[in-house]
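What's counted below: heavy atoms across the whole structure, side chains too, no hydrogens, waters or symmetry copies.
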Amino acid sequence: MSTPADRRAGVLGSAGTTPAAAEDSGRHRPADDGFAAGGDLTMINWVEDSGGRYYDERGKRRDPVDLLADNGFDLARLRVCTGTGPDHPRIGYPDSYLPEGHQDENDMLKTARRSAAHGMDIQLGLHYSDYWTNGLTQDIPRDRRDATALPEARAVAALEKDVHDCTERIMRRMKAQGTTPAHVSLGNEMHGGILFPYGTTDSADGWRSLARFLKAGYRAVKEVSPSTKVILRLDDGGNMDKYEWFFSTAADHGIPYDVIGSSSCPFWSKKDIPTVTAFCNDLHRRFGKEIMVMETGVNWNPVTHDGVEGQLTDNGPVPYPETPQGRRDFLADLFAALKSVEDRAVLGVLYWDPVMIPAPGVGWEVGQPNVVSNTTLSDFRGRALPAVRAYRTARTDACVEPARPSGSGPAGAPVRT
């Protein structure tokens, strides 16, 4: 498996393919000190296929992946669902489904090739579902639901095999195209477990089934790429009681993993940067594991492009205004703080959602609005915001941010449409 530095030098990955040349070979990308700073690029194909376009701070149209890479964004989080489209709705909600041809395996592989060609490592997120998964929603994929007609022991065995085989297939496809992931998260936010109603954390039997599923996924990852790090991830970063309970119980069941993943969005967790930093120190001391901040984000504007409050109704307890410059300062301070965690235990930070700008028909599911357009790294018209340059500060311990491009103007006041 190659590193981002290897790929910038012309080595893409295990298949040995060569990345496409940058638009302008004279551009200089910041040096890399090993701390990963990236975000979720899963939505990028849907946005662009629906007419969304991206521009730099001067207003020049750019390939958004190239633009991000030029500023030090070096880790692409790519989520993959088992099936998408109207034939794969959320259980009990026939009108709730993801766009057909996007957020699925082939779509992810396309974005992985594109990201790796721009020097990024891949963080693969396996939802093991046709829909968004979190602590409360963990639907079995439609094409695996025949297992639910079996006696429970046979159902668990069938799903265990499905987890292994699905994980192995995706890993082999990624390796074959030269985009072996650096990190794989088994499931998404999973304090409730995965593949409900079997792999749950609310009973002893559920934990035993969950352990079988996660061991199967871990084994499949390592069979294809022993160096890929496996992540188990929870929400509510800063809640030490929750993490102590989950990872202690996981240890009791012999569940293997390499990295603790944590969502640490100030609005949801109600934790500021010093609190999250102290939490990461405590977590590392307690479990001896590396840590990845899997999601963070704040508003750069109080309302979305539709003029309404978005997913984040405010920025929580952090002292940064809902402005472009306030969001830039949040990211720069967060990167610096997490790099100070002892033993450099925090591997990096992933932003949510950097690329989901307004585009016709694009929302959190088909037919629903885009509720994160005021958290992206570009404005409502696709023009890069100051936070893009904050990624340069994550790449080295002594990085001087370049001056604001001439003519770009100040960060500006909140925009209301």
Side-chain angles (χ1 to χ4, degrees), residues 1-14 17-25 27-42 44 54 56 62-79 108 111-125 174 178-185 227-229 231 259 261 290-297 328 331-332 334-336 338-339 341 344-355 376-378 384 387-402:
M1 182 174 61
S2 61
T3 67
D6 292 333
R7 287 197 288 274
R8 282 190 290 276
V11 181
L12 178 59
S14 56
T17 52
T18 303
E23 291 177 297
D24 179 355
S25 60
R27 289 199 300 270
H28 173 69
R29 291 177 179 175
D32 188 357
D33 70 349
F35 182 86
D40 194 314
L41 301 187
T42 307
I44 201 165
Y54 298 85
D56 64 18
R62 292 285 302 278
D63 174 343
V65 181
D66 190 53
L67 173 64
L68 291 169
D70 272 354
N71 282 279
F73 187 112
D74 61 6
L75 182 60
R77 178 190 177 206
L78 303 178
R79 295 173 289 104
M108 179 277 296
T111 310
R113 293 192 298 271
R114 183 178 179 184
S115 302
H118 287 87
M120 296 180 187
D121 262 337
I122 308 300
Q123 190 279 301
L124 173 66
M174 295 192 77
T179 60
T180 304
H183 312 90
V184 174
S185 59
S227 61
T228 294
K229 294 182 178 181
I231 301 173
V259 178
E290 294 175 313
I291 300 162
M292 180 74 76
V293 175
M294 300 289 289
E295 283 186 15
T296 193
R328 181 262 174 223
L331 277 178
L334 179 67
F335 293 154
L338 293 179
K339 290 171 73 172
V341 171
R344 297 302 289 264
V346 176
L347 298 175
V349 177
L350 292 163
Y351 190 83
W352 171 267
D353 181 291
V355 296
T376 55
L377 296 180
S378 302
V388 170
R389 287 180 280 119
Y391 280 82
R392 290 179 171 264
T393 71
R395 297 301 298 273
T396 176
D397 288 326
C399 181
V400 178
E401 183 186 359

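- For T179 (side chain) and M174 (main-chain N/O), a donor-acceptor pair under 3.5 Å exists by modelled atom type.
- Listed here is the closest heavy atom pair of S185 and Q123: OG-NE2, 3.2 Å.
- Residues S115 and A76 come closest through the heavy atom pair OG-CB, 3.7 Å.
- The two atoms that bring V355 and D40 nearest to each other are CG2-O, 3.8 Å, heavy atoms only.
- Taking 4.5 Å as the limit, some side-chain heavy atom of R328 sits within range of a side-chain heavy atom of T393.
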Kindly indicate, with the supporting measurements, whether the criterion side-chain contact (heavy atoms from CB on, under 4.5 Å) is fulfilled by L41 and F73.
CA-CA 11 Å; L41 301 187; F73 187 112; 3.9 Å; yes
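- Panel note: side chain T111, backbone T42; no donor-acceptor pair is recorded below 3.5 Å.
- Interatomic distance, R114 CZ to I44 CD1, rounded to the nearest 0.5 Å: 4.5 Å.
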What do the steps show when you test Y391 against D74 for side-chain contact (heavy atoms from CB on, under 4.5 Å), and what is the final call?
CA-CA 9 Å; Y391 280 82; D74 61 6; over 6 Å; no
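- Nearest heavy-atom pair, S378 versus T376, reported as atom, atom and distance to 0.1 Å: O-OG1, 2.7 Å.
- Atom-to-atom distance recorded for L124:CG and R79:CZ is 11.5 Å, nearest 0.5 angstrom.
- L75 contributes atom CG, which lies 12.0 Å from atom CG of L68 (distance to the nearest 0.5 angstrom).
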Apply side-chain contact (heavy atoms from CB on, under 4.5 Å) to residues D121 and H183 and explain how you reach the verdict.
CA-CA 9 Å; D121 262 337; H183 312 90; 5.6 Å; no
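- Between P181 and T228, the shortest heavy-atom contact is O-OG1, 2.7 Å.
- Atoms CZ and NE2, from R113 and H118 in turn, are 13.5 Å apart once rounded to the nearest 0.5 Å.
- N71 and R392 are linked by a side-chain donor-acceptor pair at a separation below 3.5 angstrom, with hydrogens and angles left out of the test.
- Distance CZ/R389 to CG/D70: 13.5 Å, rounded to 0.5 Å.
- Here the closest non-hydrogen pair linking V346 and L338 is CB-O, 3.7 Å.
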Output, in order, the C-alpha distance, side-chain angles, deciding distance and verdict of side-chain contact (heavy atoms from CB on, under 4.5 Å) for Y351 and L377.
CA-CA 9 Å; Y351 190 83; L377 296 180; 4.3 Å; yes
